[in-house]
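Shown next, in structure tokens, is the structure this report addresses.
In this text the structure is predicted, and so the values were computed from the model without any measurement.
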Amino acid sequence: QVQLVESGGGSVQAGGSLRLSCAASRYTYTSDSTNCMGWFRQAPGKEREAVARFYSDGYSTYYADSVKGRVTISQDNAKNTVYLQMNSLNPDDTAMYYCAAGSRRWAGGALKSGACYFAYWGQGTQVIVSS
């Protein structure tokens, strides 16, 4: 069973920074060129939205318009960990943040975002930004 464990969330003031981490087990990002990983967020009363995602083969890296220039997704292959560096945070960034992993191969029940079917999800880490 694939496990994704997020950490790094917390409460910060507007303008602050956070780095979220997602440690994957039983899922090796680099093991297959179709693999993809990403970060999503969901604020109360809103739908889950993709924040950033990228593909193992380097096909592309996606950032939501609302975070472009403030957020960077990266990975440490040796640690099988994906990061989300978030700077210049504002109250609109307040949400539960989820790490997700998947593949460009179709997977039933998975959430499709871009060219990726995200079948595996972490439990989420809360980010609260106060003004």
Counting N and O atoms only, with roles assigned by atom type, does the side chain of [X] sit under 3.5 Å from a partner on the main chain of [Y], one being a donor and the other an acceptor?
| X | Y | value |
| --- | --- | --- |
| Gln13 | Ser130 | no |
| Gln126 | Ala95 | yes |
| Asn35 | Tyr55 | no |

Exercise: identify the closest heavy-atom pair between Met37 and Cys99: CE-SG, 4.0 Å
Shortest non-hydrogen contact from Ser113 toward Ala50: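 Minimum heavy-atom separation between Ser113 and Ala50: OG-CB, 3.6 Å.
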Can you tell me how far apart [atom1] ([X]) and [atom2] ([Y]) are? Round to the nearest 0.5 Å.
| X | Y | atom1 | atom2 | value |
| --- | --- | --- | --- | --- |
| Met86 | Asp93 | CE | CG | 6.5 Å |
| Leu89 | Ile128 | CG | CD1 | 12.0 Å |
| Cys116 | Tyr62 | SG | OH | 13.0 Å |
| Leu20 | Ser7 | CG | OG | 8.0 Å |
| Thr81 | Gln75 | OG1 | CD | 10.5 Å |
| Trp121 | Cys22 | CH2 | SG | 11.0 Å |

Is [X] close enough and on-axis enough to [Y], meaning under 6.0 Å and within 45°, for cation-pi?
| X | Y | answer |
| --- | --- | --- |
| Arg104 | Tyr117 | no |
| Arg41 | Tyr98 | no |
| Lys68 | Tyr63 | no |
| Arg19 | Tyr83 | yes |

For [X] and [Y], which I'm curious about, is there any donor-acceptor pair between the side chains at under 3.5 Å?
| X | Y | result |
| --- | --- | --- |
| Ser33 | Ser56 | no |
| Thr61 | Arg53 | no |
| Ser17 | Asn87 | yes |

Within 6.0 Å of NZ in Lys79, more than 12 heavy atoms from elsewhere: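 Counting neighbours around NZ of Lys79, 12 or fewer heavy atoms of other residues, nucleotides or ligands fall under 6.0 Å, so no.
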More than 12 heavy atoms from other groups under 6.0 Å of OH on Tyr120: no
Decide yes or no for [X] and [Y]: does some side-chain heavy atom of the first lie under 4.5 Å from some side-chain heavy atom of the second?
| X | Y | value |
| --- | --- | --- |
| Phe54 | Ser60 | no |
| Thr94 | Val127 | no |
| Tyr97 | Leu84 | yes |

[X] and [Y]: same hydrophobic cluster, using ILVMFWY side-chain contacts below 4.5 Å?
| X | Y | result |
| --- | --- | --- |
| Phe118 | Leu4 | no |
| Val82 | Leu111 | no |
| Ile73 | Val5 | no |
| Trp39 | Val129 | yes |

Salt bridge (charged side-chain N to carboxylate O under 4.0 Å, His left out) partners of Asp32, counting only residues at least two apart: Arg105
Contacts of type side chain to side chain contact (heavy atoms under 4.5 Å, CB included), residue Lys46, not counting sequence neighbours: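 Residues passing side chain to side chain contact (heavy atoms under 4.5 Å, CB included) with Lys46: Ala43.
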